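Worksheet: the structure to be examined is printed underneath.
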There are 2 protein chains.
Amino acid sequence: MTTPAGQRILEQASALFYAHGITAVGVAGIAEAAGVTKKTLYDCFGSKSALITAYLQRRHNQWWAELQERLAERPGVDTVFDTYLAHSQFDTELGCGFQRAAAELPHDHPAFAVIRAHKQAVRDELERLTGDPERADFLFLLLEGAVARRAFEGTTEALEYARGVAADRPTSAPTAD
Amino acid sequence: MTTPAGQRILEQASALFYAHGITAVGVAGIAEAAGVTKKTLYDCFGSKSALITAYLQRRHNQWWAELQERLAERPGVDTVFDTYLAHSQFDTELGCGFQRAAAELPHDHPAFAVIRAHKQAVRDELERLTGDPERADFLFLLLEGAVARRAFEGTTEALEYARGVAADRPTSAPTAD
DNA sequence: CTCCAGGTATACCGACCGGTCTCGTCGAGA
DNA sequence: TCTCGACGAGACCGGTCGGTATACCTGGAG
């Protein structure tokens with residue numbers, strides 16, 4: 001799992017799962033991309049299912065680390081939005097990896113718990129930052145809407161708009177232009 | 001396409017694509033569920049890709065018809081939310097079929113245009129109902145966030161909360177319980 | 001009567017699926 | 001020196017993928 005080969009497998013699996021979808025990507029393709037045989041892949045992860053779980057866990061860990069780093073030097077709600085915005089530079093226009101995975105995986109798949117935990121963590125972080133559960137719920141709603149829209153609009157427009165709304169502007173005030 | 005067999009194929013394809021994901025469902029399974037041979041399926045639709053497009057088009061048409069019906073007897077923004085809420089009774093906890101499809105399909109897939117058109121239509125309808133593009137954008141954001149959350153939370157809680165926010169309540173006022 | 005659309009049944013295609021297996025190699029630690 | 005874990009090469013498994021082909025049946029319209 002911590003071996004160099006295991007690392008390469010996880011990296012390639014992450015890239016491929018995110019880019020093409022979990023179901024659409026085969027273990028043979030992952031192994032080949034990692035310069036590894038299927039045997040090594042199965043020695044390291046045991047099953048495709050476990051590899052999927054590891055992929056989402058890794059994705060959460062990386063994203064969370066970046067969020068905490070940014071929050072450390074500039075605490076506040078809009079740093080959360082900024083992290084999504086910055087992340088979208090290499091997350092491309094495909095949208096949130098967890099939303100994408102949630103759309104493909106059955107709800108009782110072991111990896112689905114990782115998705116739920118990730119989203120819960122984000123919501124809880126918003127509550128920690130605002131000290132207001134109600135407001136956290138609202139901001140979380142904006143966030144999810146914005147990243148969902150990025151998936152089919154292909155731009156960060158909605159995300160930037162949502163950040164503007166979150167920046168304490170009252171519900172109805174315009175922010176555009 | 002309009003033949004009885006074609007209809008049954010489309011119905012079964014819709015149910016299976018939505019429930020298990022587009023990539024995960026094979027044409028053989030669809031044909032079997034429709035009580036039809038693969039040849040008939042290919043005579044009617046030509047390819048899996050075209051069947052996917054037809055599935056999303058049909059889904060849009062059905063949903064749109066229901067929305068207009070409801071709007072006719074009770075115009076207003078919250079009827080849009082109510083339609084999602086009512087729809088979720090047979091859409092189950094899996095979330096928006098268009099968001100699910102968008103997560104699986106490459107952005108240049110012919111069916112992706114149907115997804116974009118559907119979402120655009122919803123946004124435009126909100127603009128028509130409010131007469132305010134800015135407010136429509138905001139409501140659309142709430143809507144997308146709520147249906148996205150339904151996908152991994154498995155409840156309509158976020159949708160009901162969003163309807164509360166949309167019912168002109170100012171951003172920060174609580175609505176829970 | 002004839003023709004044809006709309007079917008059924010079934011075999012087939014090459015490619016790929018997730019997963020297992022054997023065999024061999026290589027380098028580091030006891 | 002010997003062993004053991006990490007890995008490569010590659011064959012193999014049963015099954016499914018999207019898609020095509022051949023042959024046959026049937027009911028209704030010309």
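Throughout, protein chains are lettered first and strands after them, A, B, ... in sequence-line order, and every chain is numbered starting at 1. If you're wondering where the values come from, they're calculated on a predicted model, not measured in any experiment.
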How long is the span from the CZ atom in R135(B) to the CG atom in L126(B), to the nearest 0.5 Å?
9.5 Å
Spacing of F17(B) atom CZ relative to dC17(D) atom P, expressed in whole Å:
11 Å
From the set dA6(D), dG7(C), dC17(D), return the single nucleotide nearest to any side-chain atom of A28(B).
dC17(D)
What is the distance, rounded to the nearest whole Å, between atom OH of Y42(B) and atom P of dT8(C)?
16 Å
Can you tell me how far NE2 of H20(B) sits from CD of E104(A), rounded to the nearest 0.5 angstrom?
14.5 Å
From the list dA9(C), dA9(D), dG19(D), which nucleotide is the closest neighbour of the side chain of S47(B)?
dG19(D)
Quick check: on DNA chain C, is the nucleotide nearest K39(A) upstream (toward 5') of the one nearest I22(A), or the reverse? Name the residue that is more 5'.
I22(A)
Using atom CD of E32(A) as one end and atom P of dC16(C) as the other, report the distance to the nearest whole Å.
10 Å
For atom NZ of K48(A) and atom P of dC16(C), their distance in whole Å:
15 Å
What integer distance in Å separates I30(A):CD1 from dG19(C):P?
11 Å
Would you say the rings of H118(A) and W64(A) are close, in the sense that their centroids are separated by under 6.0 Å?
no
Counting only side-chain heavy atoms from C-beta out, which of dC7(D), dG7(C), dG18(C) sits nearest to T3(A)?
dC7(D)
Hey, does G35(A) reach any base, or is it just sugar-phosphate, or nothing, if we go heavy atoms under 4.0 Å?
sugar-phosphate
In whole angstrom, give the distance that lies between atom NZ of K38(A) and atom P of dC16(C).
12 Å
Taking dT20(C), dG19(D), dC7(D) as options, the one with an atom nearest any side-chain atom of A5(A) is dC7(D)
Side-chain N or O of T40(B) closer than 4.0 Å to phosphate OP1/OP2 of dG7(C):
no
Look at T37(B) and dT10(C) and indicate whether a side-chain polar atom (N or O) is within less than 4.0 Å of OP1 or OP2.
no
Take the protein atom CG of L41(A) and the nucleotide atom P of dT20(C), then report the distance between them rounded to whole Å.
12 Å
Quick check on side chain to side chain donor-acceptor pair (under 3.5 Å): which of E73(B), R74(B), R70(B), R163(B) does T79(B) satisfy it with?
R74(B)
In whole Å, I'd like the distance from the CG atom of D43(B) to the C1' atom of dA5(C).
10 Å
Assess, by modelled atom type and distance only, whether the side chains of S14(B) and R58(B) contain a donor and an acceptor separated by less than 3.5 Å.
yes
